[in-house]
Amino acid sequence: MTDRPPIVVLLGGPSAEHDVSIVSGTAIADALADAGHDVAQVVIDLDGAWWWLPAGHRRDGRPQSVYDDPALLGASGPTTVGAAIDRLAAADPAPVVFIALHGPFGEDGTVQALLEAAGVAYTGSGVAASAIGMDKTLFKRLCRGIGLPVVDWREIPADRWAADSAAVRAELDAFAASAEDRRLMVKPARLGSSVGMTLVHDPSELDGALAEAFRHDTLALAETYLPGARDLEVAVIGSGAKLELYGPGEIVSGHEFYDYAAKYTAGLSETSTRAEVTDAQRATLKKIARDAFRVIGGDGFSRVDFLLVGERIVLSEINTIPGFTPISLFPTMPAEGGYSFTDVCIRIVDIAIERHAARAGRRLSPADLPR
Ligand SMILES: Nc1ncnc2c1ncn2[C@@H]1O[C@H](COP(=O)(O)OP(=O)(O)O)[C@@H](O)[C@H]1O
Ligand SMILES: [Mg+2]
């Protein structure tokens, strides 16, 4: 056994990335349990109810769909969010929560805020960094503000599109015409897994693409399409001034772009933990990844994604809770630094424990104010 507090892994979640999160969360829980830690697992179902899996639960090769009905796994629940947070806050000894959720609710600051309000320690970025990391428009505005190379974009709020689609269409046409490639990549602002994204080849496809993005979010963005771009990813682990960077890894998509099917259909895309880039490019990618992580105020870990167009490096997005499956690039890239999957999990837990301790001592009460 170790002297770390009990670890509670949150997995599932009411988002499109529920299934990926089950794979990530069970892999993390199994690794931490194998390393001798006291691990509990809480599945959040698609309705947002929380379920405690039986003590000592292991995935044992079960298909991920089994987790759709946690009761069948002997889980206790359903518990409301409020009751679940109360249970975590009252637990003795106090646990550290490993948030293995992806997408809205789990990765966007919502769960982080609930845990923060209850004084419960949790892994990864805090409320603000999580929210910014999830919102592609806020992220790009911040990065552009410090001079990082992001691809140009326009933002389209759903209400503006509804009220004045002719003007929006004209603006986007002009935007597309001004770029080196007339095609646009239309996306919902706050989602992942390429859900709701459409490559708009010509203006006739714009309405359909925006309708699709607005099915998922009230804000869409249209980016200049970067043809033939390579997908590179850098792993960031650490806190404050002490950051470690690994990669870049590379994904070779089996589709026109790295869409949902390309991401999750076995065998359709290939990954490499060591992309073939020059030493200078490797250094630049790591520097930009560090800057992007810092500018959002990231903590613990993130994966920073790039598009490489010829020699041109473009910062694409940050994922504050990247895929954490045993074959995901994020937890496997640190192998170059001698870190196993388990080591990565433990490092992330330790950073969470340190941050929680550092915060606790900094809470002011009215009596602390100058008189
Ligand atoms: N502007 C673009 N030009 C070319 N390809 C893009 C562009 N934006 C996204 N892609 C492709 O689509 C994939 C998913 O886009 P991304 O913005 O990362 O969304 P998600 O958050 O859903 O992962 C990227 O990995 C890349 O392959
Ligand atoms: Mg992405």
Side-chain angles (χ1 to χ4, degrees), residues 15-21 24 101-104 106-108 130-140 143-144 149-156 172 175-176 178-201 209 212-213 215-217 219-235 247-265 268-272 275 285 289 292 296 302-310 312-324 328-330:
S15 90
E17 289 159 290
H18 177 96
D19 294 357
V20 189
S21 165
S24 294
L101 305 168
H102 307 304
E107 192 176 349
D108 66 359
S130 300
I132 295 166
M134 193 77 230
D135 188 322
K136 293 184 164 73
T137 64
L138 294 180
F139 175 69
K140 283 154 78 83
C143 290
R144 189 177 57 182
V150 289
V151 63
D152 204 7
W153 80 102
R154 291 294 181 271
E155 298 174 16
I156 310 110
L172 292 179
F175 172 60
S178 70
E180 56 271 36
D181 191 297
R182 281 199 68 102
R183 289 171 286 183
L184 294 173
M185 195 60 115
V186 172
K187 328 176 170 179
R190 296 155 289 215
L191 209 64
S193 288
S194 309
V195 173
M197 278 180 51
T198 310
L199 172 53
V200 174
H201 301 83
E212 171 61 14
R215 277 183 55 214
H216 304 281
D217 202 334
L219 180 63
L221 63 160
E223 290 178 355
T224 302
Y225 179 63
L226 303 172
R230 289 167 65 189
D231 271 274
L232 303 181
E233 308 188 337
V234 172
E250 178 161 10
I251 286 144
V252 182
S253 169
H255 276 180
E256 190 176 20
F257 68 91
Y258 194 37
D259 62 11
Y260 186 87
K263 279 181 181 171
Y264 300 119
T265 309
L268 204 52
S269 296
E270 283 172 23
T271 62
S272 151
L285 289 160
I296 70 162
S302 279
R303 197 189 75 217
V304 182
D305 294 353
F306 295 87
L307 297 169
L308 185 67
V309 198
R312 179 176 160 215
I313 291 171
V314 177
L315 171 60
S316 177
E317 62 156 350
I318 192 165
N319 294 279
T320 53
I321 311 183
F324 224 116
S328 294
L329 276 182
F330 172 78

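We count ligands from 1, going down the list as the structure has it; atoms in each ligand are counted the same way. Residue numbers start at 1 and run along the sequence shown. Computed from a predicted model, the values in this text were never measured in an experiment.
A distance-only check finds no donor-acceptor pair linking the side chain of Glu233 to the backbone of Phe330 [under 3.5 Å]. A distance-only check finds no donor-acceptor pair linking the side chain of Thr224 to the backbone of Asp181 [under 3.5 Å].
Taking the side chain to side chain donor-acceptor pair (under 3.5 Å) definition, one finds that Ser316 meets it with nothing, sequence neighbours left out. Partners of Arg230 by salt bridge (charged side-chain N to carboxylate O under 4.0 Å, His left out), not counting sequence neighbours, listed by chain and number: Glu250.
Within 4.0 Å of ligand 1, heavy atoms belong to protein residues Lys136, Met185, Lys187, Leu191, Gly192, Ser193, Ser194, Met197, Glu223, Thr224, Tyr225, Leu226, Asp231, Phe257, Tyr258, Lys263, Leu307, Glu317.
Each of Val234, Val304, Leu308 was compared with Leu285 under the side chain to side chain contact (heavy atoms under 4.5 Å, CB included) criterion, and only Val234 meets it.
Residues Glu223 and Lys136 are not paired through a salt bridge, judged by the lack of any N-O separation under 4.0 Å between the basic side chain and the carboxylate.
Protein N/O/S atoms found under 2.8 Å from the Mg ion (ligand 2): Glu317 OE2.
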Let's go through Asp231 and Leu307 carefully: what are the C-alpha distance in whole Å and the side-chain angles of both, what is the deciding distance for side chain to side chain contact (heavy atoms under 4.5 Å, CB included) to 0.1 Å, and is it a yes or a no? CA-CA 5 Å; Asp231 271 274; Leu307 297 169; 3.8 Å; yes

Show your reasoning for whether salt bridge (Lys or Arg N to Asp or Glu O under 4.0 Å) applies to Glu317 and Lys187. CA-CA 12 Å; Glu317 62 156 350; Lys187 328 176 170 179; over 6 Å; no

Side chain to side chain contact (heavy atoms under 4.5 Å, CB included) between Val200 and Leu172, intermediate numbers included: CA-CA 11 Å; Val200 174; Leu172 292 179; over 6 Å; no

